[in-house]
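Everything on this sheet refers to the single structure shown next.
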Amino acid sequence: MQIRAYRPADRDDVYDVCVRTADAGGDARGQYSTDDFMPDLFAGPYLHLEPELAFVLDDGDRVVGYVLGAADTARWAAEHRARWLPLVADRYPRATGPGPRTPQEDLTELLHHPERNVHPGLEAYPAHLHIDVLPEHQGAGHGRALIRTYLAALRAAGVPAVHLGMVTANTPARAFYDRLGFHELPVRVPGLTFLGARTDLVV
């Protein structure tokens, strides 16, 4: 088992890990119009825009986990709109008309408005991250090692701190970040909890 830099040939495996952990840590396959939907929101833009900040957990056969993100969230949102959204917007049209939206329609709004990832109060935590490891490989220290690798890359790039948004109901994920020393941030979004850490954090 090794952690290494992302390679373009890893894309399908990263997409697979993403969808298989996208339901608050559980398997989201079959829940949306395509199994590429969640990866196109939460993995693809990072692989496309900042591949140098993507690292994978390789079991010798395939990628079974990853960490990825952006060094500057505001800059990333602008790049997402300019360079990623044109590639995927036609696949996921926005909902029209009145009435309640489906979960996919709500998330599609996030795809079309990447600026919604920029929250007041997080200016001191410019970077953000996403991490996922397949359930059968959790609990062995791999997540900690991925975070350590990512923080080192941000630190080398001169980035002082990082944040993440997680589904509040995902209590195992919250326990993981608490063990690493992340702390809660004063950002209020229904259903989400925001955590942050300095990039010199020892994990």
Side-chain angles (χ1 to χ4, degrees), residues 1-7 10-11 13-26 38-39 41-60 62-73 75-76 117 119 122-187 189 192-203:
M1 195 78 71
Q2 70 168 21
I3 293 173
R4 58 169 175 79
Y6 166 79
R7 304 166 187 157
D10 299 324
R11 182 185 179 278
D13 281 351
V14 169
Y15 264 52
D16 181 62
V17 172
C18 183
V19 71
R20 289 170 63 189
T21 55
D23 185 5
M38 292 297 271
L41 266 73
F42 297 115
Y46 302 95
L47 302 180
H48 185 67
L49 299 172
E50 297 192 50
E52 70 279 4
L53 281 179
F55 302 92
V56 299
L57 178 65
D58 187 337
D59 71 355
R62 58 157 289 168
V63 168
V64 297
Y66 62 80
V67 62
L68 41 73
D72 183 318
T73 300
R75 183 184 67 206
W76 173 86
N117 292 278
H119 299 281
L122 294 180
E123 293 81 4
Y125 300 82
H128 72 271
L129 69 85
H130 294 281
I131 180 173
D132 288 300
V133 176
L134 291 178
E136 58 268 31
H137 295 283
Q138 295 175 11
H142 301 310
R144 180 184 294 267
L146 284 165
I147 293 289
R148 186 183 302 122
T149 300
Y150 186 75
L151 292 178
L154 289 177
R155 192 165 58 248
V159 180
V162 61
H163 73 270
L164 62 94
M166 56 161 286
V167 175
T168 303
N170 191 349
T171 52
R174 177 59 189 270
F176 166 72
Y177 293 119
D178 285 348
R179 287 194 299 272
L180 295 187
F182 280 69
H183 55 271
E184 190 163 337
L185 298 172
V187 177
V189 176
L192 296 179
T193 297
F194 285 80
L195 306 175
R198 289 184 51 84
T199 58
D200 59 5
L201 178 70
V202 177
V203 300

[Y] and [X], any side-chain heavy atoms less than 4.5 Å apart:
X: D132; Y: F42; answer: no
X: D23; Y: M38; answer: no
X: Y150; Y: I131; answer: no
X: L151; Y: V203; answer: yes
X: D16; Y: R62; answer: yes
X: E50; Y: D72; answer: no

So which heavy atom on [X] is nearest to which on [Y], and how close?
X: L180; Y: L201; value: O-CD2, 3.3 Å
X: A71; Y: L154; value: CA-CD2, 4.1 Å
X: P135; Y: G25; value: CG-O, 4.5 Å
X: Y66; Y: C18; value: OH-CB, 3.2 Å
X: L146; Y: G65; value: CD1-C, 4.4 Å
X: G60; Y: D58; value: N-OD1, 2.7 Å

Would you call R4 and D10 a salt bridge, using N to O less than 4.0 angstrom?
yes
Can you tell me how far apart [atom1] ([X]) and [atom2] ([Y]) are? Round to the nearest 0.5 Å.
X: D13; Y: L57; atom1: CG; atom2: CG; result: 11.5 Å
X: L68; Y: L49; atom1: CG; atom2: CG; result: 11.0 Å
X: R20; Y: E136; atom1: CZ; atom2: CD; result: 5.5 Å
X: H130; Y: L41; atom1: NE2; atom2: CG; result: 9.0 Å
X: L53; Y: L129; atom1: CG; atom2: CG; result: 10.0 Å

Hey, which of H183, H163, H119 is the one that makes ring-ring contact (aromatic ring centres under 6.0 Å, His included) with Y125?
H183
Lys/Arg cation over aromatic Y15: R11, 6.0 Å, 45° cone
yes
Does T168 use its side chain to pair, donor to acceptor, with the backbone of T193 at less than 3.5 Å?
yes
Could you tell me whether a side-chain N or O of T73 sits under 3.5 Å from a main-chain N or O of P126, the two making a donor and an acceptor?
yes
Ring-ring centroid check Y46 H128, cutoff 6.0 Å:
yes
